Amino acid sequence: MNHPVNDRRDDPHTEFTFCCGAATELLKFGSCQLRPAHRVLFLIIPGNPGVVGFYRTFMQNIHSSLGHRHPVWAISHAGHCAPPGCMDMVEDGSAAAEEDVFGLNGQIEHKLAFLRKHVPIETSLVLVGHSIGCYIILQMIKRNPELKVLKAVMLFPTIEWMAQTPQGKVMTPVLCQMRYLAYLPVFLLSLLPDSLRAGLITLVFRGVPSLDRCIIRPSVELLSGDCGANSMYLGGQEMKMVLERDNVTIKKNLDKLIFYYGATDHWCPVKFFHDIKRDFPHGDFRLCEKGFRHAFVLDAGREVAKMVVEWIRGALRT
């Protein structure tokens with residue numbers, strides 16, 4: 001890539017917009033508007049909850065490690081952000097329901113619509129997915145083969161048989177059969193003042209010794225309004241819809257894909273790593289040797305960012 005722009009500013013920019021009629025939060029490091037000189041965009045597709053603030057440290061370290069040459073953006077899942085007071089969660093409630101914008105298929109179309117509206121077709125993409133974000137990326141590539149994807153990095157990928165994983169067996173009844181009961185504690189927590197919610201979140205994460213304090217504020221916002229309910233709704237659809245691995249899409253795009261599996265990931269057992277490596281012996285599949293948890297943003301955003309940058313440096317030089 002020739003003559004990359006050097007966007008030295010390392011302070012993040014946050015903005016809210018409607019995409020597919022749903023409130024969407026964007027977190028941006030580097031340029032907030034893409035120009036012709038921006039040949040590459042790093043786009044983070046989050047897990048669930050799809051809250052961009054969780055990835056702040058991760059994104060900042062990618063941006064700085066690359067010498068501020070490429071913008072690094074993250075897009076929230078539709079309805080997982082707490083919009084400002086002047087903005088509703090949806091522009092048109094009936095249209096949002098008809099399109100099921102908060103569901104898994106709606107979230108995929110939401111990301112594709114964002115790219116159509118905000119990213120020039122000539123811009124090359126480095127897509128970085130986490131958890132269900134990896135499934136969304138595979139679907140994006142499948143539905144729009146014209147996307148100029150240099151690399152797609154899949155971190156702790158939940159791309160198959162989610163309901164059958166150890167964590168899935170625990171969460172499926174909660175998310176599918178008892179979801180409306182689970183809404184009640186979320187609603188009650190939303191009534192608490194922010195400071196009290198922040199204290200409770202800190203208490204919940206007291207067992208994480210090196211907790212990234214950046215995750216406290218977005219966690220507080222997640223427990224306000226409908227954000228938590230929308231996250232649980234998406235989770236229920238994940239249990240029902242993420243079934244057989246999409247081997248056709250993986251095979252067609254194998255040279256662009258990098259998979260990173262956790263060694264103790266209850267959402268994605270090590271068996272899945274060995275199975276996919278057996279089925280695609282020439283693919284780039286890596287097994288974590290550093291003990292990172294599935295929710296790596298809690299305490300390992302810097303370390304994972306450093307690995308991602310090393311993996312894709314070669315692709316940026318082509």
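These numbers were taken from a predicted model, which means no experiment stands behind them.
- Remark: the backbone N or O of H282 is not paired with any side-chain donor or acceptor of K277 at under 3.5 angstrom.
- Residues L27 and T14 meet the side-chain proximity criterion, which asks for heavy atoms closer than 4.5 Å.
- Of the possible polar contacts, one joining the Q237 side chain to the L104 backbone as a donor-acceptor pair under 3.5 Å is found.
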Set out, in order, the CA-CA distance, both residues' side-chain angles and the distance that settles side chain to side chain contact (heavy atoms under 4.5 Å, CB included) for W267 and S131, then state yes or no. CA-CA 8 Å; W267 279 114; S131 193; 5.5 Å; no
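- With rounding to the nearest 0.5 angstrom, the CD1 atom of I121 is 13.0 Å from the CZ atom of R116.
- By the neighbour-count criterion of 12 heavy atoms within 6.0 Å, atom NZ of K251 is sparsely surrounded, having that number or fewer from other residues, nucleotides or ligands.
- Cluster membership for F272 and I132, using ILVMFWY side-chain heavy atoms within less than 4.5 angstrom, is shared.
- Between M154 and P157, the shortest heavy-atom distance links the atoms O-CD, 3.9 Å.
- Side-chain N/O atoms of D226 and Y233 include no donor and acceptor closer than 3.5 Å.
- When all heavy atoms of W73 and C32 are compared, the closest pair comes out as CZ2-O, 3.5 Å.
- Considering all non-hydrogen atoms of both residues, A23 and F18 come closest at N-CD2, 3.8 Å.
- Atom OH of residue Y135 and atom CD1 of residue I108 lie 5.5 Å apart, to the nearest 0.5 angstrom.
- Within the 4.5 Å cutoff, side-chain heavy atoms of L112 are placed close to those of L147.
- Atom CD of E244 sits in a sparse spot, with 12 or fewer heavy atoms from other residues, nucleotides or ligands closer than 6.0 Å.
- The shortest heavy-atom contact between F102 and A22 is CE2-CB, 4.0 Å.
- Residues K306 and N61 are not in side-chain contact: their nearest non-hydrogen atoms beyond the backbone lie 4.5 Å or more apart.
- Grouping the Ile, Leu, Val, Met, Phe, Trp and Tyr side chains by contacts below 4.5 angstrom, directly or via other members, places L150 with L155.
- Between C227 and E221 there is no side-chain heavy-atom pair separated by less than 4.5 Å.
- Annotation: side chain of I276 is in contact with side chain of I250 (closest heavy-atom distance under 4.5 Å).
- Counted within 6.0 Å of CZ on R245, heavy atoms from surrounding residues, nucleotides or ligands total more than 12; the atom is thus considered enclosed.
- A donor-acceptor pair is defined here as one N or O able to donate and one able to accept, closer than 3.5 Å; such a pair exists between the side chain of T165 and the backbone of M162.
- In this structure, Q107 contributes its side chain and A78 its backbone to a donor-acceptor pair below 3.5 Å.
- Between the side chain of D100 and the backbone N or O of G106 there is no donor-acceptor pair closer than 3.5 Å.
- Remark: H266 NE2 is loosely packed, at most 12 non-hydrogen atoms of other residues, nucleotides or ligands lying under 6.0 Å away.
- Side-chain atoms of H77 never come within 3.5 Å of backbone atoms of P49 as a donor-acceptor pair (strictly under, hydrogens ignored).
- Remark: I141 CD1 to E146 CD distance equals 12.5 Å, nearest 0.5 Å.
- L127 and Y260 fall into different hydrophobic clusters, where Ile, Leu, Val, Met, Phe, Trp and Tyr are joined by side-chain heavy atoms under 4.5 Å apart, directly or via other members.
- K151 approaches A315 most closely through the heavy-atom pair CG-CB, 3.7 Å.
- Aromatic ring orientation, H130 versus H294: tilted (interplanar angle from 30° to 60°).
- Side-chain contact between V242 and I159 is absent, with no heavy-atom pair separated by less than 4.5 Å.
- Taking CG from D212 and CZ from F54, the interatomic distance works out to 11.0 Å, rounded to the nearest 0.5 Å.
- With hydrogens and angles disregarded, no donor-acceptor distance shorter than 3.5 Å links the side chain of S210 to the backbone of D299.
- A ring-centre distance under 6.0 Å is not found for Y261 and F156.
- Distance check: S76 OG to I44 CD1 gives 13.5 Å after rounding to the nearest 0.5 Å.
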Show your reasoning for whether side chain to side chain contact (heavy atoms under 4.5 Å, CB included) applies to T24 and F114. CA-CA 10 Å; T24 303; F114 170 79; 5.8 Å; no
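- Within a 6.0 Å radius of CZ in R278, other residues, nucleotides and ligands contribute more than 12 heavy atoms.
- Below 30°, between 30° and 60°, or above 60°: for F42 and H70 the angle between ring planes is between 30° and 60°, a tilted geometry.
- Proximity of L175 to M232: side-chain heavy atoms (C-beta onward) are separated by under 4.5 Å at one or more points.
- Heavy atoms from other residues, nucleotides or ligands lying under 6.0 Å from CD of Q177 number more than 12.
- Scanning all heavy atoms of the two residues, the minimum distance from L203 to R206 falls at O-NH1, 2.7 Å.
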Go through I137 and K111 one step at a time and tell me if the side chain to side chain contact (heavy atoms under 4.5 Å, CB included) criterion holds. CA-CA 9 Å; I137 286 175; K111 307 307 176 291; over 6 Å; no
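- Cluster annotation: L125 and F29 are assigned to distinct hydrophobic clusters (Ile/Leu/Val/Met/Phe/Trp/Tyr, side-chain heavy-atom contacts under 4.5 Å, transitive).
- Under the 4.5 Å side-chain contact rule for hydrophobic residues, L287 and F280 share a cluster.
- Counting only heavy atoms from C-beta outward, the side chains of L66 and V309 approach each other to under 4.5 Å.
- Taking the ring pair (Phe, Tyr, Trp, His ring centres under 6.0 Å) definition, one finds that Y183 meets it with Y180, sequence neighbours left out.
- The backbone N or O of A152 sits nowhere less than 3.5 Å from a side-chain atom of K256 that would complete a donor-acceptor pair.
- Taking CG of L257 as the start and NZ of K252 as the end, the distance is 13.0 Å to the nearest 0.5 Å.
- Using cut-offs of 30° and 60° for the angle between ring planes, the F58 and Y55 rings count as perpendicular.
- When the shell of 6.0 Å around CG of L184 is examined, it contains more than 12 heavy atoms from other residues, nucleotides or ligands.
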Passes side chain to side chain contact (heavy atoms under 4.5 Å, CB included), I216 versus L211? Steps please. CA-CA 9 Å; I216 300 296; L211 180 68; 4.2 Å; yes
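- Heavy atoms from other residues, nucleotides or ligands lying under 6.0 Å from CD of E289 number 12 at most.
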